Structure formats: C-alpha cells, structure tokens
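It should be emphasised that the depicted structure is a prediction, and the values quoted were computed from it without experimental measurement.
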There are 2 protein chains.
Amino acid sequence: MEDNSSRVDSILRKLRQTGLRITPQRLAILKALSENKEHPGAGEIYAAVKAEFPTTSIATVYKTLAVMKTIGEVLELEFSNDYNRYDGNTPGAHPHLICVKCRRIVDPELASLDEMTEKLASETGYTIISHRLDFYGVCPECRQKE
Amino acid sequence: MEDNSSRVDSILRKLRQTGLRITPQRLAILKALSENKEHPGAGEIYAAVKAEFPTTSIATVYKTLAVMKTIGEVLELEFSNDYNRYDGNTPGAHPHLICVKCRRIVDPELASLDEMTEKLASETGYTIISHRLDFYGVCPECRQKE
DNA sequence: CTTCCTGCAAACAATTTGCAGACAG
DNA sequence: CTGTCTGCAAATTGTTTGCAGGAAG
C-alpha cells in the first residue's frame, strides 16, 4: 500500500497532467483524505481541513471531491440516508464491510470477485464497468456492547 | 417466482399478522409495486397509483414503503444522486445489474455469493446481516446505440 | 494576464414530519 | 369507538450552483 505522502504525490501528478490547479485548499483536502483511512464524509473532511485552514468552505470540499472522482482518485460511497463517504486511499472499486451500529466502514480482503464479474458479463452481455459490494453486519466490538 | 396476486396476498397476510391496516391506498401501492418489475422509484409508484386513485399523496407512498421495508416485504435500493428504487418482488438481498446509460436495473442470476459471505464472516468476526452488490455496466441495447 | 478556483449564500430535490381530519377494524 | 392512516404543506438535510472577487500558472 502507498503511504500518505506518496499517495498525495501521485494525485498531484495527475492534477498537473490534467491541467488542474494545485491550490492550498486542494492540498489540505488531499492531506486530510489521505490521513483518514476511515472513509470520512464531506463534513469530516471539512472539519479536518478547517482546523488548519479556517477560511475553507464546504462548497470547495465538495467541488474538490467532485474533481477527484472525475480523475478517478477518490471513490465515493453513496448513501441516501447517511451522508456519502469518501475513500482516497483505494480509489478502485472494492468491497466494504459496514457496521450497522457504529457506522464504521472497513476494507476486507476478498478474492473471487473478478471471477464472478467475468461470469456475469459473459452470461448477460453487459459490459461491466464497475461494481459496488457492501456487506452490512455488526462488528465484533459492537456485538460485545450489546 | 410468485405471480402478482399471490405476492400481494402474502404481503396482505403479513400486514394483518402485524396488526397493520389495509387501506385502499396501501392496496393500490402494493398492486403498483407488484406489477412493476423494473425497480421503480417512489415517484413512479406514485404516478401509477394516482392514475386510478387520484387523491393519493406522495407522503403516503413514502410512508407505506417505509412500512413495507420494516416488515421486510420491500427492498430499498438507495442512491444519493438518483432517487431510491424499490423492489417489491424479491425483497431479500440480491445482486443488481445497473445500466449506467438507461438506468434500468435487472436481477441477474448469481451463485457463489453465500460462500463468499460465510468466508468473510469467519475471517473478520463480523455478524453479517445483509449485503448490497451492484454491478455497473452498459446493457447490450445501449451499447448498440453508441 | 487569463482562466480556473474559492467562498458565500441561495437553490435544490428527495425524503420526512407535524398535524387535523378521515376511516379501518 | 379508538388508534392508525391519509394528505397537505412545511421542514429537513446533504449536496449543488451562481456569482463576484482572488489567485495559480
């Protein structure tokens, strides 16, 4: 896995390549994203950024996240009830394990998904672009508290 | 697969069991749901219901859908951009195949998911309650139009 | 310099809620 | 009868947008 700084660096490289500007706000947002492995929401990223860059606005956070999505460097996990969560560390599609009690989201190891995808494509004739696989459950910590 | 009327009947049975009331509005919503296999949104259900029951309100549709979710007879597919979609025919968790062009959603056949779930549970210590598996792609019809 | 970015506030849209009257059981 | 359900309208909330000024390159 890439460490924080190399992750930020590779995103910066991609921004330059694409002709997008590197502003202090964007840097702070990227730093906050790469330091938080917990799939934060826009509000959490905003809070972290504002701590050291108080003039930042939530709109800028959203706009920056939108740009990152577009260039494929951030994965957005949509929820219609809860707020959306963002993953800046592993931008490719991968399974998530969501605790329904504490709402923590972790990235489990899981093979055999590629195989499943190929089979689906050949059986249905669809061109598969991406996927979303979320498991909902109760994490060991929350179960203990019951 | 159950046909429409037996599907509605089994939901009605569940409603009675749970002491919930059967109103004309609820009947119309259930009928609209069971007749539409295309994972409609609340607005589409509302339109269908209003066609033969013009006084119905969208709030009632949402409230009824919430009840159906609670008793486990309707599966809600959440989206934060697009509106949520509802599946009244196959209320248990199952994979979906979503065309990113026409936004149609179909239910593909797919085994080997139970196996995957068990493995995940034993490896992480989580109690798995449910899951969500969405594949995003382009359906054969849309690909042809490109 | 020029264009893109920021930050504020207002706009949005799907969904939810409060409440008074209606009606299922 | 009684408690639940309906329907209206207003509220909610995360996210998006318009626009004037600011700054990256």
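Evaluation of the side-chain hydrogen bond (donor to acceptor under 3.5 Å, both in side chains) test over residues 117-130 of chain A, restricted to residues two or more places apart or in two chains, returns A:Thr127-B:Arg143. Within the structure, salt bridge (Lys or Arg N to Asp or Glu O under 4.0 Å) contacts touching residues 124-134 of chain B (residues at least two apart or in different chains) are B:Arg132-B:Asp134.
Comparing C:dG7, D:dG7, C:dC5 by their nearest atom to the side chain of B:Ser57 picks out D:dG7.
Of the residues in residues 49-56 of chain B, those placing a heavy atom less than 4.0 Å from an atom of DNA chain D are B:Thr55, B:Thr56, in numerical order.
Rounding to whole angstrom units, CD1 of residue B:Ile29 and C1' of D:dG7 are separated by 12 Å. At whole-Å resolution of the value, CZ in A:Arg16 and C1' in C:dC4 are 16 Å apart. Residue A:Leu20 contributes atom CG, which lies 11 Å from atom P of D:dG25 at whole-angstrom precision. A:Ile22 places its CD1 atom 23 Å from the P atom of D:dG22, with the value rounded to the nearest Å. In this structure, the CG atom of A:Leu65 is 14 Å from the P atom of C:dC5, given to the nearest Å.
Take A:Ile22 and apply the side chain to side chain contact (heavy atoms under 4.5 Å, CB included) test, not counting sequence neighbours, and it matches A:Leu12, A:Leu15, A:Arg16, A:Leu27. Residues forming a ring pair (Phe, Tyr, Trp, His ring centres under 6.0 Å) with B:His96 (at least two apart in sequence, or on another chain): B:His39, B:His94. Shown here are the side chain to side chain donor-acceptor pair (under 3.5 Å) partners of B:Arg26, two or more places apart in sequence or in another chain: there are none. Evaluation of the side chain to side chain donor-acceptor pair (under 3.5 Å) rule for A:Arg21 yields no partner, not counting sequence neighbours. B:Asp9 meets the side chain to side chain donor-acceptor pair (under 3.5 Å) test with no other residue; sequence neighbours excluded. With sequence neighbours left out, the side chain to side chain donor-acceptor pair (under 3.5 Å) criterion links A:Arg103 to A:Asp82.
Shown here is A:Gln17, whose CD atom has more than 12 heavy atoms of other residues, nucleotides or ligands within 6.0 Å.
Contact annotation: B:Gln25 side-chain N/O to D:dG7 OP1/OP2 distance is under 4.0 Å.
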Can you list, pair by pair, the side-chain donor-acceptor contacts under 3.5 Å of residues 41-61 of chain A, counting residues two or more places apart and other chains?
| unit_1 | atom_1 | unit_2 | atom_2 | d |
| --- | --- | --- | --- | --- |
| A:Glu44 | OE1 | A:Gly41 | N | 2.5 |
| A:Glu44 | OE2 | A:Tyr83 | OH | 2.9 |
| A:Tyr46 | OH | A:Lys50 | NZ | 3.3 |
| A:Glu52 | OE2 | A:Lys31 | NZ | 3.0 |
| A:Thr56 | OG1 | A:Phe53 | O | 2.7 |
| A:Ser57 | OG | A:Ala59 | N | 3.3 |
| A:Ser57 | OG | A:Thr60 | N | 3.3 |
| A:Ser57 | OG | A:Thr60 | OG1 | 3.4 |

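Counting non-hydrogen atoms under 4.0 angstrom, B:Thr60 reaches a base of the nucleic acid.
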Base-contact (B) and sugar-phosphate-only (S) positions in nucleotides 11-23 of chain C, heavy-atom cut-off under 4.0 Å, - elsewhere: ---SSBBB-----

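Between B:Glu141 and B:Lys101 there is no salt bridge, since no side-chain N of the basic residue sits under 4.0 Å from a carboxylate O of the acidic one.
Rounded to 10 degrees, the angle separating the terminal helix axes of the helix from C:dC1-D:dG25 to C:dG25-D:dC1, each built from five base pairs, is 40°.
The residue among B:Gly19 and A:Thr23 whose nearest nucleotide of DNA chain D is located toward the 5' end is B:Gly19.
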